[in-house]
Every structure is written in structure tokens, then in C-alpha cells.
Visitor: 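Structure in C-alpha cells, see below.
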Amino acid sequence: MPSGKQSGERCVHLSDENRCCLFNDPRRPSYCAKFSADSDFCGSSFDEAMKILLVMESETS
């Protein structure tokens, strides 16, 4: 996403299964490669991660 993406905006490089289509690809952005999924941030499921992200977004806006 050359212009970046807004918080909550789905990355165009995600598969239907929410997997990164650029994983192990040299085009993958460095900030994605550096991201370390942590249970405090991501929870234990996709739904829990989305809830956490929404709370964090509202607390920091």
C-alpha cells in the first residue's frame, strides 16, 4: 500500500484467511516484518485482536 493505510483499513495484501500474501517476499514492508505479535496486543483469536485494536484506537484518538 504505497500511500500507507489507515487504522482499521484492511491491508490489500491479506488473503481471505487473513494471511499475509507478501510473507517471505522481499516486497514485504519492513514495518510488517518487524511486527512481533504479542498476546497482549493480538489476543488469542482474530476476533479478540480486532476488539483489542478497536479499544486501543479509541483510547489513542
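Position 1 is the first residue of the sequence; numbering continues from there.
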Visitor: Using side-chain contact (heavy atoms from CB on, under 4.5 Å) as the criterion, list what pairs up with Lys34, not counting sequence neighbours.
Guide: Ser30
Visitor: Show me, pair by pair, the donor-acceptor contacts under 3.5 angstrom made by side chains of residues 17-28, not counting sequence neighbours?
Guide:
residue, atom, partner, partner atom, Å
Glu17, OE1, Ser15, OG, 3.3
Asn18, OD1, Arg10, NH1, 2.7
Asn18, OD1, Arg10, NH2, 3.4
Asp25, OD1, Arg27, N, 2.8
Asp25, OD1, Arg27, NE, 3.2
Asp25, OD2, Arg27, NE, 3.4
Asp25, OD2, Arg27, NH2, 2.8
Arg28, NH2, Cys32, O, 3.4

Visitor: What side-chain donor-acceptor pairs closer than 3.5 Å can you find for residues 42-56, not counting sequence neighbours?
Guide:
residue, atom, partner, partner atom, Å
Ser44, OG, Glu48, OE1, 2.9
Ser45, OG, Glu48, N, 3.1
Glu48, OE1, Ser44, N, 2.9

Visitor: Count the heavy atoms of every other residue, nucleotide or ligand shown that sit under 6.0 Å from CD of Gln6, and state whether that count exceeds 12.
Guide: no
